[in-house]
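I have placed the structure first, in the form of structure tokens, so that the comments after it can refer back to it.
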Amino acid sequence: MAGYKERLRRDLDRWIEAGLVPPGSRAAILESVPDARRPDAAVALVWVGAVLFGLALVAFIAANWEVIPRLVQFVLVLGLFAAAAAGAAWCSAKTRPNAANVLLALAALLFAAAIGLTGQIFDIAGDPRTALCASGVVAAALALAGRSSGAGVAALIFFGLGDFQAGAPFDWDSSPNVPWLLAASPLAAAVAIRWRSAPLAHAAAVGMAIASVWLAGKLHVKDAALLWFTLGCAALAIGGRWLRQRGLAFGAVFYGWFAWLAMAYFIVAGADHEEGLGLVHRLAWLVIAGALVAAGRHDRLGAITVLGVLALIGGVSALLSDLGFGLMTAAGVFLAASLLAAVTGLALRRRPA
Amino acid sequence: MPAAPIRILAVAALAIAALVGLAVWDGHARATGVEVMLRIERVDPRALLSGHYVAIDTTESLAAGQACPPGAAISDSPPPSRNSADSELWIALARRGDHASAVGASRDRAAAARFAPLLVRGRAYCRPPTAASEGDSQAWPGALTLRLGIDRFYASQAEATRIANLLPPTGPDATAEVSAIVSIGQDGKARLKGLLVQGRRIEPSLL
């Protein structure tokens, strides 16, 4: 998807050609709009390199388990963590936010490794869930201390891994555990909005999706009652759209994720055609799918348009299945749906930016 | 609010202090707890990214005629994994010769103490022995498995393999040559101190 500045450049050329804007203003207008920061290959490689470096250090210590005395191992593990945190503090002091961000994420990973290795060094028995959640807490503290989206994402991953240890969190009836993501992901979403961080917004949205599934299961919400979850997710999607319309590009992250989740809840809510909402659900499905296509086209957001088209195809298929049409009718409907998908795809590719 | 570098260093210092504190506190509790020997079975050497360890399973055989201790979960199926969501119990241990065995379990500490004074937190699963019958002429031993949160002993790969080779076969006639040396603290938590292999204590050294 073209960025705002690129779209503005094309619009300006058009407006200048139409005589609406003096040609001399073109450069000044473009200079007034900051370049959108997009993760390029170099930045991606730095992130991958930082993660691999952390793993290499941990593996090095583990590989030398038998020759390095345990106390030295402990000091080494803590020293690596301290070095990463000190490096991040130094970069922060020198106003190098990107380097500080990477080093804080590295420190979060190293601390998680340090917890595991400390347990091994001193033969401390512990619950893996507790260890992962402790790693998440420290990663979250580092993220807040240094405004690091990388450490924030790491924190959510640790909380999620902790929640997904055996017996938790989807063993609703026997497990007393409440997933950490239930609290951590909405907080992360709030922080993502404050920091205007798209990576953290993605992680928070995924965490909220997982937490909402847990909540629905824990409360034994099913069938038509899931429409409340649909409405909740739709409200969050609308909130994301509102943020995006106010020029906060990362709002599209929430818009996209929660629109998909709302649609999923809506479909599951009417899955039982015989006992459930019946034909009304299917017709509403088609209307919502059409609205999503329109919204996606209007907002120039491919993820929403694709959701709308897929929902449309799914809705038609479900209706067909419910009504029990013959194979020839089914073939015709599926052909029409495939043509619709192809035409929409072509339209998206040729869409003016 | 302090500047970001100060905040980062403060969080890092707190995290390091917490880990050091955990190691010191756990070491103190291990040193001051009551030491018992527990029979173990099914010892496997493993090699993971994090190092080598001996996976231990505190299971003892129950010969024909031996009953499961009261309070233990009785089932013919294998005991659940260590991450089971089953509630923890207070397990009463009594010394039988060199080793300690579970003699009863209860959710209530006072009730468990009526079986024996030495109590440990954990889960107990028992498969009772079966006597010979018309359908099956062979008697099968039972098994009492304790899940005390001590399932790994970190050792060098060579040592882990050697320990595994010393493992006695499972069954009522097997003589346990490998035992877990366990410290039971005031908090009722079991902490692994080391292994007893053919009468030799193997305990990790910090230096």
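Below, chain A is the first sequence line, B the second, and so on; all start at residue 1.
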### Message
Can you tell me if B:Asp108 has over 12 outside heavy atoms packed within less than 6.0 Å of its CG?
### Response
yes
#### Entry: Minimum heavy-atom distance A:Phe81-B:Ala12, with the two atoms named
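Answer, listing the atom of A:Phe81 first, then B:Ala12: CE2-O, 3.6 Å.
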### Task
Compare every heavy atom of B:Leu9 with every heavy atom of A:Ala86, then report the nearest pair and how far apart it is.
CA-CD2, 4.0 Å
### Residue pairs fulfilling side chain to side chain donor-acceptor pair (under 3.5 Å) with at least one residue in residues 190-211 of chain A, sequence neighbours excluded
A:His202-A:Trp257
### Task
To the nearest 0.5 Å, tell me how far B:Leu19 CG sits from A:Phe111 CZ.
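Taking CG in B:Leu19 and CZ in A:Phe111, the distance rounds to 4.0 Å.
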### Query
CG/A:Leu103 to CD1/B:Ile8 distance, rounded to the nearest 0.5 angstrom?
9.0 Å
### Heavy-atom pair count under 4.5 Å with chain A, highest-scoring of B:Leu14, B:Leu192, B:Val20
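If we count pairs closer than 4.5 Å to chain A, B:Val20 comes out on top.
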Throw together a table of side-chain donor-acceptor distances under 3.5 angstrom for residues 136-158 of chain A, partners on residues two or more places apart or in other chains.
| from | atom 1 | to | atom 2 | distance (Å) |
| --- | --- | --- | --- | --- |
| A:Ser148 | OG | A:Asn101 | O | 3.3 |
| A:Ser148 | OG | A:Asn101 | OD1 | 2.6 |
| A:Ser148 | OG | A:Gly150 | N | 3.4 |
| A:Ser148 | OG | A:Ala151 | N | 3.0 |
| A:Ser149 | OG | A:Asn101 | ND2 | 3.1 |

### Heavy-atom proximity to chain B below 4.5 Å, by part of A:Ala84
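It is neither, since no heavy atom gets under 4.5 Å.
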### Query
Considering only heavy atoms, which portion of B:Ala3 lies under 4.5 Å from any heavy atom of chain A: side chain, backbone, both, or neither?
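The answer is neither part of B:Ala3.
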